[in-house]
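Notes to accompany the following structure.
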Amino acid sequence: MKTLDPQYDPSGSEKAIYEKWVSEGYFGSSPEPEKDGYCIVIPPPNVTGALHMGHALNNSIQDILIRWRRMQGRETLWLPGTDHAGIATQNVVEKQLATEGKSRHDLGREKFVRKVWEWREQYGDRIIDQLKRLGCSCDWSRQRFTLDEGLSKAVRTVFVALYNEGKLYRGHYIINWCPKCLTALSDDEVEHKSQPGKLWHMRYPIVGEEGYVVVATTRPETMLGDTGVAVNPKDPRYKSFVGKSVRLPFVDRDIPIVADEAVDMEFGTGCVKITPAHDHNDYQIGKRHDLEELNVMTDEAVINSNGGPFEGMDRMECRKELVKRLEDMDLLEKTEDYELNLSVCYRCDTAIEPRLSEQWFVRMRELAQPAIEAAKSGRVKFHPQRWSKVYYDWLENVRDWCISRQLWWGHPIPVWYCQDCGRTIVAVETPTECPDCANENLEPDPDVLDTWFSSALWPFSTLGWPEETEDLNATTYPTDTLVTARDIIYFWVARMVMMGEKFMGKEPFSHVLIHGTILDEIGRRMSKSLGNGIDPIEMIDIYGADAVRFSLINLTIEGQDVKLSPKKFEMGRNFTNKIWNATRFALMKMPAELDTSGPLDMDELTVYDRWILTRLSETIETVTAEQEDFRLNPAVSEIYSFFWNDLCDWYLESIKQDLSDDAPASRRQNAARVFLAVLDSALRLLHPYMPYITEELWQYLNRYFPARTLGEARNPSESIMIARWPEATDFPRFGEDVERMEMVKKAVSAVRNLRGTRDIKQRKELSALFDPSSEANASVLKSQLPLISRLGNLKSIDVKVGISAPDHSATELVPHLTLYVPLGEVVDLEQERARLQKKLDEQTRYIMGVEMKLSNKQFVNKAPQQVVERERERLARLRELEGKIRMTLLQMV
RNA sequence: GGGCAUAUAGCUCAGUCGGCAGAGCGCUACGCUCACAUCGUAGAGGUCGCUGGUUCAAGUCCAGCUAUGCCCACCA
């Protein structure tokens with residue numbers, strides 16, 4: 001007989017178990033069109049990434065769903081992979097180069113890109129290995145990378161198709177430029193930070209006359225690129241100025257004063273400097289008034305030759321110097337403190353420099369419509385539902401998407417320019433000559449695509465599209481559930497639906513499960529800069545993967561954020577230990593010869609056997625229903641309390657005697673069989689949440705007791721991973737036995753209660769007299785005397801309706817049950833009396849409350865009959881109890 | 001400026017159809033009884049953010065308010 005250690009140590013077994021799963025091919029999938037499929041595509045983590053708590057939560061959820069559906073017999077596919085993460089990865093490798101004193105320009109593009117690939121080969125699977133430690137049951141044979149060959153083909157195919165339809169265009173527009181990453185960013189990649197700043201009021205002298213206008217700005221350095229000044233046409237203060245010009249200091253350019261509705265008369269001076277090349281609004285205003293667009297900065301946001309005396313200065317340096325000189329020239333009217341909304345790069349936090357440049361854009365309006373429709377029609381459902389509103393808001397107000405990035409790492413834009421005739425060639429395959437002039441001198445577009453462009457195709461590009469592969473069929477696409485966090489609803493979710501509708505003609509998934517964000521103990525986002533992150537791998541090292549998974553799910557309620565601390569994982573660790581020990585007990589106590597050949601005779605079972613089977617059936621039903629609703633937290637809580645409270649605290653304690661050597665053989669057989677069946681199903685219920693420990697223990701159970709009699713697993717000997725998900729109907733329900741067991745629990749609790757409140761040692765055996773108020777209850781108790789005396793540590797029990805209190809006894813009164821325990825001289829009668837009196841007062845108060853309610857005609861007439869009836873019963877119960885207490889008090893005198 | 005979320009025990013949070021306020025942690029007392037001290041038994045601890053309203057009945061529904069957090073938005 002196998003004896004387990006008294007404490008569960010996950011570190012010894014997790015790795016071997018995982019390897020076994022992989023080598024047996026349990027994660028694999030063979031999606032065929034006629035199968036009942038269940039497919040999830042992983043949100044591909046960045047290759048540069050290390051697993052953080054957000055990933056741990058995200059992937060735990062996916063693994064739970066996949067494992068559960070797999071056990072239900074669905075053809076599951078969890079498709080894994082990583083994202084090439086343009087900027088992030090390029091930055092990492094550039095940083096590495098920098099330590100060698102080199103830049104990517106020293107290497108040149110080709111060599112640099114090769115270097116990044118090398119980096120990926122070396123480090124890119126780190127996060128994959130970490131996902132494996134978490135226990136993720138992805139089909140690793142299908143692992144994809146957003147930059148691998150198949151996906152590149154998908155990207156180019158989509159690009160060409162959109163271009164040919166006129167949904168892609170290249171143009172000279174103002175975009176968000178990161179002067180550190182040296183690339184354009186989409187609007188969504190810009191973050192906004194509130195920051196204290198200043199509002200400088202500058203004087204621009206009017207040309208040809210005395211005086212000046214005062215413009216207010218938060219960015220004085222951009223004045224070098226001003227090509228106009230705008231006022232509101234309705235502003236009486238400036239009416240006479242419209243049409244005149246001002247002379248720009250330092251660069252001595254005359255620029256016009258124009259009237260534009262967009263100017264807010266209330267703000268600042270009501271007079272705005274216009275810098276079309278360095279501000280989104282100014283760009284629009286400039287277009288309307290045909291103002292010159294003058295770029296005054298280099299890629300690195302250093303003032304260029306258009307900046308006159310400030311050429312060569314960094315923008316911030318220039319700002320300082322420029323303000324100082326304005327002041328010297330008496331052109332600075334005043335400086336105000338101002339809270340500004342600073343735009344920063346989401347990757348490096350550098351202040352964005354809006355900048356005019358040549359970029360590629362996707363026309364979004366039309367593409368967005370089917371994506372909106374997909375959600376409106378219910379084909380794509382958000383959980384919780386409120387996130388659909390965020391999704392709609394973005395899609396309904398979507399702006400064109402800037403997709404070109406001035407990076408080297410990424411999908412090259414499949415466009416070539418004929419150096420001879422100037423023709424633009426957009427093609428899936430690299431062209432060798434110009435179709436117009438046959439010239440071979442073709443220059444490729446230097447830019448790459450936004451990483452999110454390839455991510456948008458992920459749900460079908462990973463399945464082989466545009467090739468017509470076997471994997472791409474109704475079993476896999478649309479996939480079932482996308483599990484993700486709210487911060488990429490725009491970046492990713494909306495764009496996937498858009499592209500899925502466009503190129504597959506179908507939504508890419510039916511459900512979007514948005515989970516909460518993991519925060520630190522005091523509610524801040526976990527971030528590298530704050531250093532407040534908790535490393536999931538470190539937690540797995542300490543507590544085990546199952547404990548980490550369980551704890552995370554147990555803390556995560558329906559999309560609510562989670563405040564996390566390392567201590568929270570102790571709960572999961574404790575639970576694993578509980579499961580371990582319940583099984584340990586089973587293995588220790590099983591009879592040497594367990595006969596499981598015939599069916600279990602239900603008539604031979606005890607009250608507690610039938611009770612636990614009923615509770616199990618109910619638990620299975622609830623858990624399955626909650627999971628169907630994506631409510632994993634209520635599901636797992638249900639299993640937790642079933643396992644700990646019902647199974648361990650009550651059932652296991654109840655059968656201890658039955659499993660001992662001196663118990664009758666048939667009783668021992670039956671108790672063992674029921675216990676085994678319950679344990680087996682409980683482990684199967686727990687498996688999606690805690691895959692490792694359930695597998696390990698299940699194997700132990702299998703090895704020694706391969707045959708089952710209830711809730712038969714599909715393949716008892718192989719792996720719990722592919723065992724059958726339990727069904728409520730696997731077990732009979734016995735309503736009456738549940739009631740009986742509740743009565744027994746009440747009696748035992750009364751004894752324990754009496755002990756606890758009177759400082760009577762657990763070890764001391766007591767004599768108990770129960771007055772169960774009805775003959776029915778009396779017979780229930782009488783039939784369970786051995787159990788009650790065992791659980792209550794009693795040496796004798798009397799059960800009699802209407803029994804009167806013996807002398808020198810302590811009394812415990814609960815509804816329908818009075819317990820007397822004679823304590824001889826040790827009983828403190830004064831205290832007993834006080835206790836009873838207090839209880840009596842309490843009952844009287846309750847009774848008054850209920851009487852009041854019942855004497856209220858409104859209540860009796862309007863409340864449902866059921867509720868009124870319940871109150872009446874309650875009153876009867878309370879009165880009975882009150883009477884009982886009074887009587888006992890009288891007897892004590 | 002708009003939108004969303006949150007407010008319940010000392011802490012972190014559950015609470016579905018409106019019908020007797022729950023869990024984990026922490027705290028107190030007792031117990032190393034042969035599954036588990038990562039445990040067991042018992043206990044203390046609540047004006048459900050505030051103000052109104054609907055209802056026989058409100059933690060739960062409605063309105064308003066306060067506080068906190070997040071998202072969106074071109075007032076320089």
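Proteins come first, then strands; the chains are lettered A, B, ... in the order of their sequence lines, and each starts at number 1.
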Summarise how protein sits on nucleotides 9-20 of chain B as a single string, 5' to 3': B when a protein heavy atom is under 4.0 Å from the base, S for sugar-phosphate-only contact, - for no contact.
---SSS----BB

Sugar-phosphate or base contact per nucleotide [nucleotides 33-39 of chain B; S, B, -; heavy atom under 4.0 Å]
B-BB-BS

Sequence neighbours excluded, which residues qualify as side-chain contact (heavy atoms from CB on, under 4.5 Å) partners of A:L881?
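Partners of A:L881 under the side-chain contact (heavy atoms from CB on, under 4.5 Å) test: A:L813, A:P815, A:Q843, A:I885.
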
Which part of the nucleic acid does [X] contact within heavy-atom distance under 4.0 Å: base, sugar-phosphate only, or nothing?
X      : answer
A:F569 : nothing
A:G516 : nothing
A:Y338 : sugar-phosphate

When you look at A:F267 and A:Y338, which way does the ring-ring contact (aromatic ring centres under 6.0 Å, His included) test go after all the steps?
CA-CA 12 Å; A:F267 189 87; A:Y338 182 72; 5.7 Å; yes

Between [X] and [Y], is the ring centroid distance below 6.0 Å?
X      : Y      : value
A:Y346 : A:F491 : yes
A:W580 : A:Y8   : yes
A:F550 : A:F643 : no

Let's see if you get this right: which residues in residues 746-756 of chain A place a heavy atom under 4.0 Å from RNA chain B?
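Result for residues 746-756 of chain A: A:R752, A:N753, A:G756, sorted by number.
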
Taking RNA chain B as the partner, which of residues 383-397 of chain A come within under 4.0 angstrom of it by heavy atom?
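Per residue number, the list reads A:R386, A:K389.
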
Is it possible for you to check whether A:K853 lies under 6.0 Å from the centre of the six-membered ring of A:F859, through NZ or CZ, and within 45° of that ring's axis?
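Here A:K853 passes the 6.0 Å and 45° test against A:F859.
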
Can you see which heavy atom on A:L224 is nearest to which on A:L248, and at what distance?
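That closest heavy-atom pairing would be O-CD2, 4.5 Å.
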
Using the P atom in both, what is the distance from B:rU66 to B:rA29, to the nearest Å?
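Those two atoms are separated by 46 Å.
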
Spacing between [X] atom [atom1] and [N] atom [atom2], to the nearest angstrom:
X      : N      : atom1 : atom2 : result
A:N341 : B:rG1  : CG    : C1'   : 12 Å
A:I175 : B:rC74 : CD1   : P     : 16 Å
A:H192 : B:rG69 : NE2   : C1'   : 18 Å
A:H278 : B:rA76 : NE2   : P     : 18 Å

Pairs counted as Watson-Crick or G-U wobble with both distances under 3.5 Å: what dot-bracket string results for RNA chain B, using | for bases tied to another strand?
(((((((..((((.....[..)))).(((((.......))))).....(((((..]....))))))))))))....

